[in-house]
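Encoded as structure tokens, the structure appears first; notes follow it.
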Amino acid sequence: MNSQWETVIGLEIHTQLATKTKIFSGAVTAYGAEPNTQACAVDLAMPGVLPVLNQEVVSLAIKFGLSIDAEIAPYSVFARKNYFYPDLPKGYQISQMDDPIVGKGHIDIDIEGKSKRIGITRAHLEEDAGKSLHEDFQGLSGIDLNRAGTPLLEIVSEPEMSSAKEAVAYMRKIHELVRYLEISDGNMQEGSFRCDANVSVRPVGQKELGTRAELKNINSFKFVEKAINIEIERQIDVIEAGGKVVQETRLYDSVKNETRSMRSKEEANDYRYFPDPDLLPVEIDETLKAEIKANLPELPTAKKQRFQEIYGLDSETANNLTSSRQFADFYETIIKESGGDIKLCTNWVTGDLAGALNKSGLDISQSPIDAMRLAGLLKRIGDKTISGKIAKQVFEILWQGQATADEIIEKEGLKQITDTGAIEAIIDKIIADNTAQVEQYQSGKEKVFGFFVGQVMKQTQGKANPADVNKMLKKKLSV
Ligand code: ADP
Ligand code: MG
């Protein structure tokens, strides 16, 4: 990228709060229902209905605020943000403006091995709008109001990121956090986690921020990175050609990999915000805050640190294992249940298991092998019932069905041969049958040793203990 220019990015992340019902009505929020089957009179904006705040969203927002070290507003206010759009039958969205529930906080991101603190300006509660459907209606649009009134927490960052990579790292960190806290499922395909990226450029050394464009509604990490990078290029091109960047809302087209102007940027006063007269201000007392604080789970950063300390993991492995709460729990269950060979557990979880999940496109929560069954396998490697190689075979069978490792080992006859007499007899026969190779070995061709090991393993179907085999072969061949 051009070194004369530096980039400034601020993100607004919308995360859907995991409540059963909507923020101001009793309609359910479950994803995927037939259009307009989950919109009640309040969501449809029938005259005379009144919104009632769902208390759960308040608790979830507080949970978030506490975990980014933010001030929780003792008094916050819902405001009407007025605009017209077909998917917003009320003509306004209930949001928060002057008095958001969560004030200034921060989160640390890792960027090229270094930690960088990103300020969070605020986080406020609001309702989602409905959805316009264009595909099934030729020349017409359909309106689905199932989403209308879905609770959102909008998390607004300071303009403190200076590359697309940092923006993605920040977005991932927030995503990880909301999932740890279990305040959102973070499902990006279903629209539960999406972001608007504000991007500007300025000459290196200039203090004042450049004019920004806002890239709307991006719902994948990959697209955020691509959209920001392409937008940075565009803005530099505009300025270098003598033009000016205009403040506007732009749309990212992932097919053409370009951003396009949607509309000129509206200012807050265009929305004629005012406190919603139908809703009381929210007052939060210390007791509720203290109660939520006492029940916060261990957060990703703390967990990562603990993993490094007590399991002796490097930073990358610890990051990897704490990438989700479920994954971390899985790992710790295995350590506890398998007999505690940490290195063995780490290798199997980050290697074989993660690889197999990845290959099948599965999440840890969908793993065909649960923690107890994998622990059962690692136990048998630990006590040398089976070799590491045979364990891979057992793993395959565990993956396919419901049997335990012990059942599989028993049924398939995979137990390691511990009877050294039996192995000795096999070795003797191999030596007798392969006199040419014996001579080669004894005349100094040490490579032939591998041939003997291979023969023993073949004849024992891999069930001989490799260390024992090596020892015995060395002894017999050196006579
Ligand atoms: P609005 O409410 O109009 O979208 P805000 O001032 O609340 O505007 O800012 C929204 C987001 O834009 C914030 O995340 C902020 O950090 C970011 N932002 C503001 N100015 C700039 C800028 N010049 N360049 C990049 N990001 C910016
Ligand atoms: Mg905005």
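Any value given below was found using the heavy atoms of this structure, including those in side chains, with hydrogens, waters and symmetry copies removed. Read the numbers this way: they start at 1 and go in the same order the structure lists the ligands and their atoms.
Considering only non-hydrogen atoms, atom 8 (O) of ligand 1 lies nearest to R212 out of E214, E12, R212. The option from S200, G119, A197 that lies nearest to atom 22 (C) of ligand 1, judged by heavy atoms, is S200.
Short contacts between ligand 1 and G210, defined as distances under 4.0 Å to a heavy atom of the residue, involve ligand atoms 23 (N). Every atom of ligand 1 is numbered from 1 in the order shown, and the set under 4.0 Å from a heavy atom of S157 is 13 (C), 14 (O), 15 (C), 16 (O). For ligand 1 and P159, the ligand atoms under 4.0 Å from any heavy atom of the residue are 16 (O), 26 (N), 27 (C). The atoms of ligand 1 that sit less than 4.0 Å from any heavy atom of V156 are 13 (C), 14 (O).
Relative orientation of the F221 and H175 rings is perpendicular, given thresholds of 30° and 60° on the angle between their planes.
With a 4.0 Å heavy-atom cut-off, ligand 1 is reached by the backbone of L11 but not by any atom from C-beta on. Contacts with ligand 1 closer than 4.0 Å are made by backbone heavy atoms (N, CA, C, O) of E158 only, the side chain lying farther away.
The pair K216-D196 meets the salt-bridge criterion, with a side-chain N (NZ, NE, NH1 or NH2) lying under 4.0 Å from an Asp/Glu carboxylate O. Ion pairing of R234 with E231 is present here, as a side-chain N (NZ or NE/NH1/NH2) and a carboxylate O approach within less than 4.0 Å.
With a 4.5 Å cut-off on side-chain heavy atoms, I218 and V224 count as touching.
A cation-pi arrangement, defined by a distance under 6.0 Å to the six-membered ring centre and an angle within 45 degrees of its axis, is present between K90 and Y92.
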